[in-house]
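The next block holds one structure in the form of structure tokens; read it before the comments.
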There are 2 protein chains.
Amino acid sequence: MQQELKSELTKQLILDNAFNLFYKSGFKSTSIDKIMKATTLSKGAFYHHYKNKKQLGLEVITLKVEKRVVNGMILPLKQTGNAFNILENVFLNRLKSFPFFEKQHGCPMNNLINEIGDHEVAYQLALKNIVENWKLSLMTLIERGQAEKTIKNTLSSKAIAVYLISAFEGIRGIRKLYNDDLILDDYLLGLSIYLQQVKY
Amino acid sequence: MQQELKSELTKQLILDNAFNLFYKSGFKSTSIDKIMKATTLSKGAFYHHYKNKKQLGLEVITLKVEKRVVNGMILPLKQTGNAFNILENVFLNRLKSFPFFEKQHGCPMNNLINEIGDHEVAYQLALKNIVENWKLSLMTLIERGQAEKTIKNTLSSKAIAVYLISAFEGIRGIRKLYNDDLILDDYLLGLSIYLQQVKY
DNA sequence: ACAAAAACATACTAACTGGTGTTTTTTATA
DNA sequence: TATAAAAAACACCAGTTAGTATGTTTTTGT
């Protein structure tokens, strides 16, 4: 029983370090050696717990990346209250409060989508799954707003959801190219124009 | 004189193959060996023409990637005619007509932004330069539309430009995760809602 | 106390990485 | 046609890669 716990702890240690290094340096640039050096464990320990790098990558996506998106972007949508205000809050106020490191290195999910999203079907599906969850949660919120007349009910909830996600992921990539937040201000102003059109 | 021409031709051959492989397999996954195997020239030939992989990467960005964006997204903005219609045409009608390969592998610029945009200042600047050109051209068109009263003149041209670009790059990444164009239809509908708000 | 199993470490391989130095071939020109 | 210079071929380097084989230590059930 204690062994299982230790095994789980070690896997978490590997997973955490892998996520951080994938995020900072990219998936392909990060070797197993570098990850295990970060854990201060050996390569043998890695291959005891994981079959190969691909399996690790998949677990990083489904366990670490997904959790981040769920906590940061999906759960906040599920609050009670004015649906339009929640939408506005999550998309308008969250971005600028990101820590510097996350502005500089973009969105972990978007980085993976663009680096390996078209390289392996398994990665593609795991990443798509996160996007679909996000999209569906957004649609649920938008449809609630439409029912409650805080969001225009003539508009397709799916279309709004997809466009909001696209722009959000897009700007997180583009922000990497700049050294300050001015480009984020322009994005946020552009987004607020969009939200005006969406508001009931 | 004829020698200079041949040298230029060889560089172009390397550049073309490098761009294609970077696009298909990513920057870091593509080795000099693979590029030169594709040209049927030797590795020595590569190092005769280029200092290192980084220099090649920069030339691919400034000569190949930039040209693609200029031809595909920037020059079409400079047509005469109703500015709003031009905006609508370029963003609404262009995307779905992309060849299958380019839907599957996303935007070459966006791929590079997310893979190496935060790894080297030189890459960062070269990529930012393209985005800035695009942004300024969009702003010029939008401001023309505002003067000609086809685009609402109360809105910030820069904000609209940045939001349009963000969403466009975002969806080109997300599309990689899907196997059909349904997600593009949602994006386009979401975009058309945005354009409604922008229209005079 | 002991055997089995799990957790981890060490040492290694074979292929591949970007890059260098040298030799051979091609080309322009005198 | 001789020659100098450019272009390309070739062999090679040191470092890194994912992955393996085999060892040692720790935990666990009996």
Side-chain angles (χ1 to χ4, degrees), chain A residues 1-61 112 115-116 119-123 126, chain B residues 1-61 112 115-116 119-123 126:
Chain A
M1 211 58 201
Q2 208 146 339
Q3 222 165 169
E4 245 174 75
L5 186 82
K6 195 180 183 197
S7 175
E8 190 50 45
L9 246 52
T10 303
K11 285 191 79 176
Q12 273 301 326
L13 182 70
I14 296 173
L15 228 40
D16 287 347
N17 281 282
F19 172 83
N20 289 335
L21 286 168
F22 289 164
Y23 185 25
K24 199 174 68 180
S25 315
F27 181 79
K28 287 176 240 160
S29 299
T30 302
S31 64
I32 307 294
D33 280 327
K34 281 177 194 158
I35 294 168
M36 295 317 285
K37 186 161 281 179
T39 64
T40 69
L41 294 177
S42 68
K43 204 176 203 175
F46 173 81
Y47 281 98
H48 177 74
H49 291 284
Y50 291 95
K51 205 181 86 195
N52 50 29
K53 192 185 179 184
K54 180 175 164 183
Q55 197 197 57
L56 173 67
L58 282 173
E59 288 209 7
V60 166
I61 292 172
L112 289 171
E115 190 186 349
I116 58 171
H119 282 37
E120 281 272 359
V121 182
Y123 297 143
Chain B
M1 211 57 203
Q2 207 144 342
Q3 228 165 162
E4 242 174 76
L5 185 83
K6 196 182 178 196
S7 175
E8 189 50 44
L9 246 52
T10 302
K11 285 191 78 176
Q12 274 301 326
L13 182 71
I14 295 173
L15 228 41
D16 287 346
N17 282 282
F19 171 83
N20 289 336
L21 286 168
F22 289 164
Y23 185 26
K24 199 175 68 179
S25 315
F27 181 79
K28 287 177 238 160
S29 300
T30 303
S31 66
I32 306 295
D33 279 327
K34 281 178 193 157
I35 294 168
M36 295 316 286
K37 188 160 281 180
T39 63
T40 68
L41 295 177
S42 71
K43 202 182 208 176
F46 173 81
Y47 283 98
H48 177 75
H49 292 285
Y50 292 94
K51 206 180 89 196
N52 49 31
K53 193 185 180 184
K54 180 175 165 184
Q55 198 198 57
L56 173 68
L58 283 173
E59 288 209 7
V60 166
I61 293 172
L112 290 170
E115 190 186 349
I116 57 172
H119 282 36
E120 281 272 359
V121 182
Y123 297 144

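Fair warning: this is a prediction, and the values are worked out from it, not measured in the lab. Chain A is the first sequence line, chain B the second, and so forth, proteins listed ahead of strands; every chain is numbered from 1.
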Rounded distance (Å) that lies between atom [atom2] of [N] and atom [atom1] of [X]:
| X | N | atom1 | atom2 | answer |
| --- | --- | --- | --- | --- |
| B:K28 | C:dG18 | NZ | P | 13 Å |
| A:L56 | D:dG19 | CG | P | 11 Å |
| A:K37 | C:dC8 | NZ | P | 19 Å |
| A:D33 | C:dA9 | CG | P | 14 Å |
| A:L13 | C:dC8 | CG | C1' | 13 Å |
| B:K54 | C:dT17 | NZ | P | 21 Å |
| A:Y47 | D:dA21 | OH | P | 12 Å |
| B:F27 | C:dG18 | CZ | C1' | 11 Å |

Of all heavy-atom pairs between [X] and [Y], which one has the smallest distance, and what is that distance?
| X | Y | result |
| --- | --- | --- |
| A:H119 | B:G26 | NE2-N, 4.0 Å |
| B:N52 | B:F46 | O-CZ, 3.9 Å |
| B:H49 | B:Q55 | O-OE1, 4.2 Å |
| B:L56 | B:L15 | CD1-CD1, 3.8 Å |

Checklist entry - If you look at every strand shown and take non-hydrogen atoms under 4.0 Å, does A:T39 touch a base, only sugar-phosphate, or nothing? => result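 The residue A:T39 makes no contact with any strand.
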Checklist entry - So, B:K34 side chain and B:S29 main chain: donor-acceptor pair closer than 3.5 Å or not? => result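 Looks like yes, one N/O pair under 3.5 Å.
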Checklist entry - Can you list every pair that meets side-chain hydrogen bond (donor to acceptor under 3.5 Å, both in side chains) and has a residue in residues 18-27 of chain B, with sequence neighbours left out? => result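 For residues 18-27 of chain B: none.
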Checklist entry - Does OP1 or OP2 of C:dA7 have a side-chain N or O of A:H48 closer than 4.0 Å? => result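 Answer is yes, contact under 4.0 Å.
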Could you check which of [options] has an atom nearest any side-chain atom of [X]?
| X | options | result |
| --- | --- | --- |
| A:S42 | C:dC8, C:dG19, D:dA6 | C:dC8 |
| B:H49 | C:dG18, D:dA7, D:dA8 | D:dA8 |
| B:S31 | C:dT20, D:dA18, C:dT17 | C:dT17 |
| A:L41 | C:dA9, C:dT20, C:dT17 | C:dA9 |
| B:K34 | C:dT17, C:dA7, C:dG18 | C:dT17 |
| A:T10 | C:dT17, D:dA8, C:dC8 | C:dC8 |

Next on the checklist: Pair A:E120, A:L58 - check side-chain contact (heavy atoms from CB on, under 4.5 Å), show working.
Outcome noted: CA-CA 10 Å; A:E120 281 272 359; A:L58 282 173; over 6 Å; no
Item to check | Inter-axis angle, terminal five-pair segments of the helix from C:dA1-D:dT30 to C:dA30-D:dT1 [nearest 10°] | outcome: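 The helix from C:dA1-D:dT30 to C:dA30-D:dT1 shows an end-to-end axis angle of 10°.
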Item to check | Pair of N/O donor and acceptor under 3.5 Å linking D:dG19 base with A:K43 side chain | outcome: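 Answer is yes: a donor-acceptor pair is held.
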